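Some notes on the structure that comes next.
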Amino acid sequence: MCGIVCYVGKRPAAPLLLDGLKRLEYRGYDSAGLAVQGDKGTRCIKSVGKIEELQAKLNNEELPGQIGIAHTRWATHGKVTEENAHPQTDDNGRIFVIHNGIIENYQSLKEELAGEGHKFKSQTDTEVLPHLIEREMSKNGNSLRDAVRKALRKVDGTFGMCILSSDHPGQVIVARRGSPIVIGVGSDEYFAASDVSALRRYTDQVIYLEDNEMAVLTLEGFEMSTFQNERVARSAETVEWEPDAAEKQGYPHFMLKEIFEQPETLKNALRGRLVPGEGVPKLGGLVPVWEKLMVCRHLIIVSCGTSYFAGLVGRYVFEELTDMLVEVELASEFRYRSLNFRPDTAVLAISQSGETADTLAALREARRKGATLLGMVNVVGSTIARETDAGIYIHAGPEIGVASTKVFTAQLALLTCMALLIGRHQRLPVTYGIELIKALEDLPAKVARVLRRADRIEAAAQKFHKYDNFLFLGRRYLFPIALEGALKLKEISYIHAEGYAAGEMKHGPIALIDENFPTVALVPRIASYDKMVSNLQEVKTRNGPVIAVATEGDDAIHELADEIITIPESHELLTPILATVSLQLFAYYCAGYRGCEIDKPRNLAKSVTVE
Ligand code: F6R
């Protein structure tokens with residue numbers, strides 16, 4: 001969603017800020033702005049639309065200065081206008097604030113401030129912040145740092161923010177509650193951002209602010225403290241991925257690059273985690289809760305979107321391999337359920353970003369109910385990673401494409417590992433473990449094999465991309481993959497698609513089938529094969545076009561399908577991963593043929609930090 005970048009150093013700030021904003025573009029935004037401070041004061045420029053439009057404005061303006069803050073906004077409160085873009089300022093235009101998150105009590109604060117004579121120019125919740133800070137400085141004579149701290153005590157809601165003041169040159173204040181801020185430590189220069197990818201090109205040394213912490217950045221260094229004014233000392237961590245991991249590396253889109261990276265991301269996710277001889281995986285991140293996990297019989301998985309579908313696959317896998325009773329809940333619905341929290345309940349949050357507001361809210365609710373909290377996240381140091389008792393990092397590298405691809409398949413592989421680990425301690429024999437670990441080791445090569453058939457999948461997309469509706473069908477582990485295939489297609493190509501459990505077809509959706517309504521059927525040769533074949537026969541009888549995702553060498557399926565996408569034979573538990581890769585490519589090529597903006601689908605944001 002919104003993006004934050006800040007620079008304090010000796011180089012011209014504006015180009016660095018723009019570069020940082022460009023690297024955050026993938027998160028989704030509708031307007032942008034920046035404020036740069038130089039010897040002659042602070043200049044602020046904003047624009048609606050793409051960063052190029054901000055850049056065009058900048059090229060017409062002198063914007064010297066070596067300190068600055070910049071923001072991309074994804075509108076929540078107030079329309080997409082220049083007035084509503086950030087930075088937001090106080091009455092005198094001396095305090096500049098950029099903000100991610102939502103100030104929940106902004107209405108009452110606004111009324112209070114307006115009653116004291118403050119004038120508001122925007123419809124944003126953010127605008128109360130510079131006014132509150134100004135009030136603390138002018139009424140109570142506070143320093144900028146104290147004014148920010150006191151102002152923030154009045155605020156309910158979430159924020160990651162940067163503040164610049166014309167009256168206190170040479171410093172930027174950053175603060176966090178519920179929305180990420182990372183400080184980048186360079187040599188004689190400092191950065192802050194909402195996401196490491198904005199600053200990774202300039203440094204690999206980072207410090208994540210925790211909730212209710214702030215920092216003052218100056219040329220001399222930075223000082224961190226809590227909102228209660230206690231000093232915080234934390235050493236920098238090294239970012240593990242190289243800067244070019246967040247570049248397209250010759251691919252036309254991040255999404256295609258990330259689809260093609262999957263053999264590698266799967267290897268990275270599994271590296272050091274498989275112990276073939278013992279038929280048991282090693283997941284060091286679970287060690288802190290191992291004793292509790294061993295007696296735990298009830299697992300609730302909470303997540304959103306694609307990560308939710310990973311959870312749905314996980315349920316089948318856990319139930320197959322362990323004695324646990326597993327429930328999978330949409331994080332946004334979790335609070336409305338009155339779930340049975342027995343003492344042996346663990347809650348597992350699955351999230352690429354580790355910042356999804358609904359997933360976090362669900363976790364906090366589970367914490368109140370006394371559950372053991374586990375996380376499976378990709379972004380190191382993210383809020384979910386920090387708020388859980390233990391967890392598993394996905395290690396898939398930065399995912400820039402808005403549609404999640406490589407992280408989803410890595411999540412599936414790691415859920416399989418986690419279930420196998422627990423299952424081996426409960427009831428699975430070593431032979432089973434050895435066989436599944438061998439299949440996991442072979443998986444990257446099998447994914448590479450699916451990718452080698454990209455041209456066949458592209459041909460299918462070329463033939464089918466003009467249809468306006470699709471049905472995706474699967475059974476058991478492949479039912480959630482039907483949901484995921486449909487989601488990928490609608491997100492990036494705007495084609496309407498429904499994912500269904502194939503057994504449900506006769507209970508309604510079959511009414512839609514005709515020659516204009518293609519079905520994508522997940523029909524590899526696994527236990528559900530015969531039942532899927534019957535479903536396809538029903539579709540064919542009604543003249544519905546069929547694209548079948550089938551096992552290599554399955555000649556029988558030719559009679560029922562208009563197009564066949566093949567995947568290699570593999571362990572049944574891993575077929576969802578292979579089928580997914582083919583559906584990702586299908587969605588990608590359909591979107592391409594329809595001329596869609598694949599990496600920036602309309603209305604979508606990469607990390608959904610509002611509930
Ligand atoms: C779809 C997609 C979203 C996310 C969802 C949860 O391609 O990316 O549906 O899966 O917003 O995000 P995370 O996994 O970051 O919690």
Side-chain angles (χ1 to χ4, degrees), residues 1 26-28 74 178-180 194-197 253-256 258-259 262 265 269 301-314 328-334 347-364 374-385 387-388 391-394 396-412 414-415 472 480-481 483-495 497 499 580-581 583-588 591 596-611:
M1 294 193 122
Y26 75 97
R27 300 174 66 94
W74 190 86
S179 191
S194 48
D195 180 329
V196 176
S197 45
H253 298 99
F254 279 110
M255 182 174 176
L256 191 63
E258 286 159 6
I259 292 174
Q262 287 174 111
T265 51
I301 301 179
V302 289
S303 41
C304 300
T306 288
S307 294
Y308 169 69
F309 299 147
L312 290 180
V313 178
V328 189
E329 193 61 39
L330 283 167
S332 53
E333 287 292 312
F334 185 75
V347 170
L348 169 66
I350 305 179
S351 174
Q352 186 285 129
S353 60
E355 302 294 345
T356 301
D358 285 315
T359 309
L360 257 172
L363 265 186
R364 288 174 182 157
L374 308 172
M376 182 178 284
V377 302
N378 192 41
V379 177
V380 175
S382 54
T383 310
I384 292 177
E387 291 202 12
T388 40
I392 300 171
Y393 273 126
I394 297 168
E399 189 179 69
I400 308 287
V402 167
S404 186
T405 52
K406 62 177 182 173
V407 170
F408 177 69
T409 47
Q411 284 167 346
L412 298 187
L414 289 171
L415 282 163
F472 284 68
I481 304 306
L483 297 174
E484 169 62 2
L487 179 66
K488 282 292 89 98
L489 191 65
K490 45 189 157 193
E491 279 185 298
I492 58 164
S493 72
Y494 316 139
I495 296 172
T580 298
V581 175
L583 298 188
Q584 292 167 344
L585 283 170
F586 182 69
Y588 172 83
C596 300
E597 270 213 73
I598 293 176
D599 280 336
K600 286 174 229 145
R602 68 185 179 207
N603 305 335
L604 292 183
K606 181 67 182 160
S607 170
V608 184
T609 49
V610 292
E611 283 180 47

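Predicted, not measured: the structure shown is a model, and the values here were computed from it. Read the numbers this way: they start at 1 and go in the same order the structure lists the ligands and their atoms.
Heavy-atom contacts of Val402 reach the following atoms of ligand 1: 8 (O) (cutoff under 4.0 Å). Atom numbering of ligand 1 starts at 1 in the shown order; those under 4.0 Å from a heavy atom of Lys488 are 1 (C), 7 (O). Short contacts between ligand 1 and Ser351, defined as distances under 4.0 Å to a heavy atom of the residue, involve ligand atoms 13 (P), 14 (O), 15 (O), 16 (O). Those atoms of ligand 1 that come under 4.0 Å of a heavy atom in Ser307, given as number and element, are 10 (O), 13 (P), 14 (O).
One N or O on the side chain of Thr388 and one on the backbone of Ala385 form a donor-acceptor pair closer than 3.5 Å. Under a 3.5 Å cut-off, the side chain of Lys488 and the backbone N or O of Gln584 do not form any donor-acceptor pair. In this structure, the side chain of Tyr494 does not engage the main chain of Cys596 through any donor-acceptor pair within 3.5 Å. Glu399 places a side-chain N or O within 3.5 Å of a backbone atom of Thr405 that can act as its donor or acceptor partner. Proximity of a side-chain donor or acceptor of Glu484 to a complementary backbone N or O of Thr306 within less than 3.5 Å is not detected. In terms of modelled atom types and a separation under 3.5 Å, the side chain of Asn378 and the main chain of Gly354 share no donor-acceptor contact.
Within the 4.0 Å heavy-atom criterion, neither part of Glu355 lies near ligand 1. When heavy-atom distances to ligand 1 are checked against a 4.0 Å cut-off, Val407 has no atom that comes that close, whether in backbone or side chain.
What sits closest to atom 16 (O) of ligand 1 on the protein, heavy atoms only, is Thr356 OG1, 2.5 Å. The protein heavy atom nearest to atom 4 (C) of ligand 1 is Thr306 N, 4.0 Å. Looking at atom 7 (O) of ligand 1, its nearest protein heavy atom turns out to be Glu491 OE1, 2.7 Å. Residue, atom and distance of the protein heavy atom nearest to atom 11 (O) of ligand 1 are Val608 CG2, 4.0 Å.
An N or O contact shorter than 3.5 Å is missing between Thr359 and ligand 1 by distance. Not one N or O of Gln411 is nearer than 3.5 Å to an N or O of ligand 1, by distance alone.
Summarising the geometry, atom OG1 belonging to Thr265 is positioned 11.0 Å from atom CD1 belonging to Ile259; distances are rounded to the nearest 0.5 Å.
Put simply, no part of Asn378 is less than 4.0 Å from ligand 1, judged by heavy atoms.
Partner of Gln411 under the side chain to side chain donor-acceptor pair (under 3.5 Å) criterion, out of Ser351, Ser303, Ser404, Ser307: Ser307 alone.
When the heavy atoms of Cys304, Gly305, Ser303 are ranked by distance to atom 6 (C) of ligand 1, first place goes to Cys304.
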Problem set entry | Step-by-step side-chain hydrogen bond (donor to acceptor under 3.5 Å, both in side chains) determination, Glu355 to Thr383 | CA-CA 6 Å; Glu355 302 294 345; Thr383 310; 2.6 Å; yes

